[in-house]
K.L.:
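Take this structure first; my questions come after.
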Amino acid sequence: MIRTNLSIKRCFFQEKQRSGQLPRRVTVRFTVLPSGRVSTARVGTAEFKGGPLDSCLGRAFRSIQFPPFDGEPLNMTYPFVL
């Protein structure tokens, strides 16, 4: 679901255009609510925190809808190794 998301791929493509290279590794920390909605998403990799890639990936993750579940919100970390 995450790997095939076009919005996420677009973020990495834009970063390559901006910097001339793809980041080797980027982690994204996000929270999934029981409704399946992503409430927060931020890049955990210091090099990209607060920058354009962080903003883009945050928006892309918040647009993802996971299947609803019972219980508490889930805090997750997803590593992108390119």
Side-chain angles (χ1 to χ4, degrees):
M1 182 181 294
I2 292 172
R3 286 188 140 173
T4 60
N5 186 291
L6 291 177
S7 295
I8 290 172
K9 288 182 179 185
R10 190 174 302 118
C11 292
F12 284 104
F13 177 73
Q14 289 172 354
E15 180 62 26
K16 183 176 181 188
Q17 285 185 316
R18 193 174 18 264
S19 69
Q21 60 185 347
L22 283 172
R24 294 180 135 190
R25 181 179 176 92
V26 176
T27 58
V28 178
R29 296 181 181 140
F30 61 102
T31 301
V32 181
L33 300 175
S35 65
R37 188 176 70 82
V38 175
S39 64
T40 61
R42 296 296 305 218
V43 167
T45 307
E47 179 182 352
F48 301 103
K49 278 185 179 179
L53 184 60
D54 187 4
S55 299
C56 187
L57 286 173
R59 284 189 305 274
F61 267 78
R62 286 189 300 275
S63 71
I64 296 172
Q65 181 69 38
F66 289 90
F69 59 90
D70 292 327
E72 297 295 316
L74 298 174
N75 295 310
M76 306 173 97
T77 300
Y78 190 87
F80 290 95
V81 181
L82 306 173

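Numbers here are sequence positions counted from 1.
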K.L.:
Identify the two heavy atoms, one from Glu15 and one from Leu53, that lie closest to each other, and give their separation to 0.1 Å.
P.N.:
OE1-CB, 3.7 Å
K.L.:
What's the shortest heavy-atom distance between Asp54 and Arg42, and which atoms?
P.N.:
OD2-NH2, 2.6 Å
K.L.:
Check the angle between the aromatic planes of Phe61 and Phe30 and answer parallel, tilted or perpendicular using the 30° and 60° thresholds.
P.N.:
tilted
K.L.:
Find the distance between CZ (Phe80) and OG1 (Thr27) and round it off to the nearest 0.5 Å.
P.N.:
10.0 Å
K.L.:
Can you see which heavy atom on Phe69 is nearest to which on Val32, and at what distance?
P.N.:
CZ-O, 3.6 Å
K.L.:
Can you tell me if CZ on Phe13 sees more than 12 non-hydrogen neighbours from other groups inside 6.0 Å?
P.N.:
no
K.L.:
Show the numbers, then the answer: is there a side-chain contact (heavy atoms from CB on, under 4.5 Å) between Arg59 and Ser63?
P.N.:
CA-CA 6 Å; Arg59 284 189 305 274; Ser63 71; over 6 Å; no
K.L.:
Rounded to the nearest 0.5 Å, what's the gap from CZ on Arg24 to CD on Glu47? Could you check?
P.N.:
10.5 Å
K.L.:
State, to 0.1 Å, how close Gln14 and Cys56 come at their nearest heavy-atom pair, and which atoms those are.
P.N.:
OE1-SG, 3.7 Å
K.L.:
Can I get a per-line list of side-chain donor-acceptor pairs under 3.5 Å for residues 34-41, giving both atom names and the distance, sequence neighbours left out?
P.N.:
from, atom 1, to, atom 2, distance (Å)
Ser35, OG, Arg37, N, 3.3
Thr40, OG1, Thr31, OG1, 3.2

K.L.:
Applying the 4.5 Å side-chain criterion to the ILVMFWY set and letting contacts propagate, would Leu33 and Ile64 be lumped into a single cluster?
P.N.:
no
K.L.:
Above 12 or not: heavy atoms from other molecules or residues under 6.0 Å from CD of Glu72?
P.N.:
no
K.L.:
Of the non-hydrogen atoms in Val26 and Leu57, which two are nearest, and what is the gap between them?
P.N.:
CG1-CD1, 4.1 Å
K.L.:
How close do Pro79 and Arg25 get, heavy atom to heavy atom, and via which atoms?
P.N.:
CB-NH2, 3.7 Å
